[in-house]
2 protein chains.
Amino acid sequence: MARPRSFDPDDVLEIARQVFWRKGFQATSLDEITAASGIAKPSLYAAFGDKNALFLKVLDRYHDGILGWAERTLAQPGPGREAIRQWLTGFIPYCSGERGQHGCLSINSATDGSLDQAEVRKSIERYNRRLEELLRARLRADRAEFRKGFDPDITAHTIMVVHAGLLALAHQRPDSKQVKAVIDQVMGLLA
Amino acid sequence: MARPRSFDPDDVLEIARQVFWRKGFQATSLDEITAASGIAKPSLYAAFGDKNALFLKVLDRYHDGILGWAERTLAQPGPGREAIRQWLTGFIPYCSGERGQHGCLSINSATDGSLDQAEVRKSIERYNRRLEELLRARLRADRAEFRKGFDPDITAHTIMVVHAGLLALAHQRPDSKQVKAVIDQVMGLLA
DNA sequence: TTCGTTATGTACTTGTAAGTACAGAATTGA
DNA sequence: TCAATTCTGTACTTACAAGTACATAACGAA
C-alpha cells in the first residue's frame with residue numbers, strides 16, 4: 001500500500017505524557033516532544049492532530065490507566081474498607097517524596113486555567129465521575145460493614161476530596177509517613 | 001522631585017491577580033494586564049520587575065490576604081471545633097458554583113509545572129506551613145474538647161488536605177450543599 | 001521494476017509575547 | 001521660569017513556538 005509508520009503511537013503518547021506531566025500543557029512545546037521522541041512535527045500532526053488534540057489523547061490515556069487500576073483494586077474480594085484503604089494506599093508513591101513532585105496530571109490539568117477547552121474539562125469530569133461511582137458502588141454494596149446512619153454517597157465524595165487534596169499537596173513532596181497517617185485518619189470515617 | 005506615579009501599585013496588583021487567577025501564569029500575557037489595568041508595559045516593568053516578579057508579588061499578596069483572614073477566624077473565642085468549622089465554611093463560596101470555577105490561586109500555582117521557580121515554591125510552602133501552624137496551634141490549645149488519643153498534628157494536616165482537595169475540585173463547580181456535607185463529615189474527625 | 005500512496009525531514013511562514021529604546025510629559029525645587 | 005528627575009506611551013527588537021509546504025523516502029501491489 002504505502003509507507004508504514006516508523007513509530008508506535010502508544011510509545012509517543014507515553015513520552016508526551018511524561019513531558020506534559022513535568023512541565024504542564026502551556027509550557028510544553030512540540031519541539032520538546034519531538035526532541036524527546038525523535039519524531040518530527042509533521043508526523044506528530046499527521047498522527048495526532050494539533051497540540052490540543054495530542055494533549056487530549058495523552059490525558060484520556062492517563063485517565064484510562066488509573067481507572068483500570070481502580071476498577072481492579074476496588075473490585076477485590078473481602079471487606080470494602082480494606083479495598084478502599086488499598087486503593088488510597090496505592091497512591092502514596094505518587095503523593096510523596098521525589099516521585100510526588102509532579103502530582104497528578106489530571107488535577108494539574110483541572111487547575112490550569114489555560115486549559116479551558118471544553119473537551120479537556122469533559123474528560124476530567126468523566127474521570128472524576130467514574131472514580132466516584134466506583135467508590136460509591138463499593139460503599140453501597142458493603143454498607144453493612146459500617147455504622148448506622150452511614151451515608152455512602154457523601155463518604156464517596158469525601159474520599160474523592162481527600163484523594164484530590166493529597167495529590168494537590170504532593171508537589172510539596174511530603175513524607176510518605178505523613179500521607180499514610182492522613183489516610184489512616186480518614187479511614188476512621190469508615191467506622 | 002520628579003513626576004509621580006499615575007497609578008496605585010496595589011490597584012494594579014489587584015487587577016493582575018484577577019487575570020492571573022483566571023488564566024494562569026503562562027497563559028496570561030502582559031498585554032492582557034496592560035489592557036485590563038490601563039498601565040503600559042514600561043510602567044509595569046519599572047514598578048514590579050519582569051513577569052515572574054510581578055506574579056510573585058501577586059501571589060504573596062494573595063497569601064497574605066488569606067492568612068490574615070485565617071488568623072482572625074481561628075483566633076476567635078469559643079470552642080476550637082467551631083472556629084475551625086467556621087474557617088472551612090468560609091471557603092464554601094470559593095469551592096462551589098460559579099465563583100469556584102477558578103479554584104485557589106495558590107493551589108493552581110502549586111500544580112502548575114511551569115512555575116518551578118524556587119521563589120514561587122517557597123512562597124507556597126511558607127503559606128501552607130503557616131496555615132497548618134495556625135490550625136495545629138488551635139487544635140493543641142483546645143485539645144481538651146476532643147476524645148482521648150486525639151492527635152492535633154495529624155488532624156491539622158488532614159484538614160489541610162481536605163481544604164486543598166475542596167479547592168482543587170472547585171473547578172468542577174460542585175454544589176455548595178455537597179461541599180458543606182463534606183465539611184460536616186470531616187468535622188466528625190474532631191469528635 | 002515501476003507506480004501509487006503515505007510517511008518523513010528540512011526548512012519555512014506566521015503569530016504572539018517578553019522585554020526595551022527613546023522621545024516627550026509631569027512634577028518639585030530653585 | 002528653568003532645571004533635574006522620574007514616569008509614560010509608542011513603537012520597536014527579539015525570541016520562540018505553532019503549524020505547514022514541499023521535496024523525498026519507504027513501502028505494497030501489479
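When side chains are defined from C-beta on, Y127(B) does not count as touching D60(B), because their heavy atoms never get closer than 4.5 Å.
Heavy-atom neighbours of E119(B) CD from other residues, nucleotides or ligands within 6.0 Å: at or below the threshold of 12.
Separating the OH atom of Y45(A) from the P atom of dT20(D) is a distance of 7 Å, rounded to the nearest angstrom. At whole-Å resolution of the value, CD1 in I33(B) and C1' in dA18(C) are 12 Å apart. Rounded to a whole Å, the CG atom of D31(B) is 11 Å from the C1' atom of dG19(C). For the pair Q26(B) CD and dA17(D) P, the computed distance is 10 Å after rounding to whole Å. For the pair D8(B) CG and dC7(D) P, the computed distance is 15 Å after rounding to whole Å. For the pair F7(B) CZ and dA26(C) P, the computed distance is 16 Å after rounding to whole Å. Going from atom CD1 of I39(A) over to atom P of dT6(C) covers 20 Å, rounded to whole Å. Across the protein-nucleic acid pair, L44(B) atom CG and dC7(D) atom C1' stand 13 Å apart, rounded to whole Å.
Residue S6(A) has a polar side-chain atom (N or O) positioned under 4.0 Å from OP1 or OP2 of dT8(C). OP1 or OP2 of dA18(C) lies within a sub-4.0 Å distance of a side-chain N or O belonging to K51(B).
Comparing dT8(D), dA18(C), dG19(D) against the side chain of K41(A) picks out dG19(D) as the nearest. Comparing atom distances between the S29(B) side chain and each of dT8(D), dA18(D), dA17(C) picks out dA17(C) as nearest. Which of dG9(C), dT5(D), dT5(C) sits closest to the side chain of A40(A) comes down to dG9(C). Comparing dC27(D), dT8(D), dG19(C) by their nearest atom to the side chain of P4(A) picks out dC27(D).
Between the side chain of W21(B) and the backbone N or O of H102(B) there is at least one donor-acceptor pair closer than 3.5 Å. R173(B) places no side-chain N or O within donor-acceptor distance of the main-chain N or O of G100(B), the cut-off being under 3.5 Å. The backbone N or O of D31(A) sits less than 3.5 Å from a side-chain atom of T34(A), completing a donor-acceptor pair.
Across the interface with DNA chain D, nearest-nucleotide mapping of P42(A) and E32(A) shows E32(A) to be the residue nearer the 5′ end. For the pair G38(B) and A2(B), both in contact range of DNA chain D, the more 5′-proximal nearest nucleotide belongs to A2(B).
Counting non-hydrogen atoms under 4.0 angstrom, T28(B) reaches the backbone sugars and phosphates but no base.
At a cut-off of 3.5 angstrom, the base of dC7(D) holds at least one donor-acceptor pair with the side chain of R3(B).
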